[in-house]
Number of protein chains: 2
Amino acid sequence: MAKHSTYVGALSPEYALLGFLEQGATHGYDLHRRLLFHLGQIWHISQSQCYNILKRLEAQGDIVGELYEQPRLPDRRIFHITEQGRARFEDWLATPTGCSVRAIRVEFITRLYFAHLRGSGEAERLIQNQVEIVRQGLERLQSAQKTFAPEQTFNRLGLEFRLQQLRAALDWLQNCVKTLQGD
Amino acid sequence: MAKHSTYVGALSPEYALLGFLEQGATHGYDLHRRLLFHLGQIWHISQSQCYNILKRLEAQGDIVGELYEQPRLPDRRIFHITEQGRARFEDWLATPTGCSVRAIRVEFITRLYFAHLRGSGEAERLIQNQVEIVRQGLERLQSAQKTFAPEQTFNRLGLEFRLQQLRAALDWLQNCVKTLQGD
DNA sequence: TGAGATATACTCACTGGGTGAGTATATCTC
DNA sequence: GAGATATACTCACCCAGTGAGTATATCTCA
C-alpha cells in the first residue's frame, strides 16, 4: 500500500491533482488550468502530463472518470476522487517533507497550499515541523562535511552548496509564517 | 545537431561520462566508480543508469565499445570516445549553465570539475560567467515578482524561495574562487 | 464581413531518467 | 569453510515530461 517511490527525484504533481479533486469533481482541462494559476511557479506541467497522471490515478483506483457528451464541444471526462484516493491524499498531506531543496520548493509548498486552505493553524504547524527537519538536515550535512578525502574538492564544493541552500531555505521558512499571517 | 533538450529537468550525467572518457578509454564499471568518487555528491546515479547512458552514447556514435574477454572475470567492454563525442563534450563545456538552482548544483559543478582539470584559469572564467548569469536571473525574477495577482500567494512564495536560493548560490560562487585557488 | 487568434478538451507516440533484481566468478576476511 | 565484498554487466520495468495533432466555437479587430 501507499508504496512511495524512494528516490528523491520522484516529486509527482499527482497529489496536487488529488488535492484539487478532493475539493470537488472536475475535468482534466480545468485541473491543468488550476494547477497553473495557483501553483504555476511551483509545477511546470504540460497539459499532456496532466492527462498522463489522471490516467494513472484512474488505473490505480484513486479517481474515477465519467464521460459527459457535450453538444458541440469535445466530450468531457469528469473525475471524482474515490475513498482510496482521499485516503492517499490525507496520508500524503500528513507525511513530512524531506529536507532536499527541491523537495521543499515543490512538495512542501504544495502541502502548504492545501494545508492553508483548511485553515485552523495547519499551515503554521507544517512550517514549524519543516523548520525542525531542515535544522536536523543541516546538522547531518555539517558532520558529513568532515568525512571527505582532500582530493574530493568537488564533492566538498557540492556539499557546501547544499548547505548554503538549506540555510537560505530555513530563512525562507521563517519568513513564510509572517507572509501567511498577513493575508 | 547537439539537440539539447529544452526542459530544465533534463540534466543528464552523459557529459560527465564523456568527460571521463575524454581522458582515456575505459569500461562501464570503472566509469561508475569514478563518477561516485569524484562527483558522488553531485550525481546520484545507479550502475544500471550508467550502462543505460553508455548504450545511448554508443547508439548516437559518441563512443564505441570493444569487447575484451577476460579469463575468469566477466567480459569487459572498453569504450573509446569518437571525434563526434569529443566535439559534443567540448561544445557542452563551453555552453553557459542556466540559472536554475538545480542547474548550478549539478551541471555547473560538473563543468567546473572538468574545466579545473584543464587548468590555465578556465575554472575562474567559468565562475565569473556564472556570476553574471545569476545576477541577470535575479533581476528577472525580481521584476517578475510584481506581476502576481494578490490571490496567488503561493506562487509568490515559490518565487521568493527561488530568489533566496539564487542569492545563496551567488554567495557560494563567490566563495568558490577562493576554494579553488587554495588547493 | 471575414481572417486569425484564442479557448475548450483531449489523444498519441515518443524520449530519457531512474531503479531493483539478477548473473556469475574471484578474492578477501574472520 | 562461510559470508561479505569486488568485478562487470544485463534485463524488464516505471514514470516524468514533451510536442504535435484533432476538432470545434467564440472572440477580436481591421
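As the structure is a prediction and not an experimental result, all values here were calculated from the model.
Within residues 52-60 of chain B, the residues that place at least one heavy atom under 4.0 Å from DNA chain C are, in residue-number order, B/Asn52, B/Arg56.
At least one side-chain nitrogen or oxygen of A/Tyr51 sits closer than 4.0 Å to the OP1 or OP2 atom of C/dC10. A/Arg33 has no side-chain polar atom (N or O) that falls below the 4.0 Å cut-off from OP1 or OP2 of C/dA9. Checking the phosphate oxygens (OP1, OP2) of D/dC9, a side-chain nitrogen or oxygen of B/His27 falls inside 4.0 Å. One finds a side-chain N or O of A/Ser46 lying less than 4.0 angstrom from the OP1 or OP2 phosphate oxygen of D/dT18. Within the 4.0 Å cut-off from OP1 or OP2 of D/dT7, at least one side-chain nitrogen or oxygen of B/Tyr29 is found.
A donor-acceptor contact under 3.5 Å links the side chain of B/Ser48 to the base of C/dG20.
When rounded to the nearest whole Å, the span between CD1 of A/Ile78 and C1' of C/dT8 equals 13 Å. To the nearest angstrom, C1' of D/dG19 lies 13 Å from CD of A/Gln49. Between the CD atom of B/Gln47 and the C1' atom of D/dT10 there is a distance of 11 Å, given to the nearest Å. Between the CZ atom of A/Arg77 and the C1' atom of C/dT11 there is a distance of 12 Å, rounded to whole Å. One atom, CG of A/Leu67, and another, P of C/dA9, lie 13 Å apart when rounded to the nearest Å. Distance A/Arg76 CZ to D/dT24 P: 18 Å, rounded to the nearest Å. Rounded to whole angstrom, the span from the CG atom of A/Leu17 across to the P atom of D/dC15 amounts to 15 Å. Here D/dT7 presents its P atom at 14 Å from CZ of B/Arg34, a figure rounded to the nearest Å.
The pair A/Arg102-A/Glu107 does not meet the salt-bridge criterion, since no charged nitrogen lies less than 4.0 angstrom from a carboxylate oxygen. For A/Arg77 and A/Glu58, the salt-bridge test passes: some basic side-chain N is under 4.0 Å from an acidic carboxylate O. Between A/Glu14 and A/Arg56 there is a salt bridge, with a side-chain nitrogen of the basic residue lying less than 4.0 Å from a carboxylate oxygen of the acidic one. Salt bridge present: B/Arg118 and B/Glu90 bring a charged side-chain N and a carboxylate O closer than 4.0 Å. Under the 4.0 Å criterion applied to side-chain N and carboxylate O atoms, A/Arg86 and A/Glu83 are assigned as salt-bridge partners. Taking a cutoff of 4.0 Å between a charged side-chain nitrogen and a carboxylate oxygen, B/Asp30 and B/Arg34 qualify as a salt bridge.
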Where does DNA chain C pair, written as one dot-bracket string 5' to 3', with Watson-Crick or G-U pairs under 3.5 Å, ( ) inside the strand, [ ] for crossing pairs and | for another strand?
||||||||||||||||||||||||||||||
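Contacts of B/Arg162 classified as salt bridge (charged side-chain N to carboxylate O under 4.0 Å, His left out), with partners at least two apart in sequence or in another chain: none.
Looking only at distances, a side-chain donor or acceptor of A/Tyr51 sits under 3.5 Å from a matching main-chain atom of A/Tyr29. At least one donor-acceptor pair under 3.5 Å links the side chain of B/Gln152 to the backbone N or O of A/Phe37.
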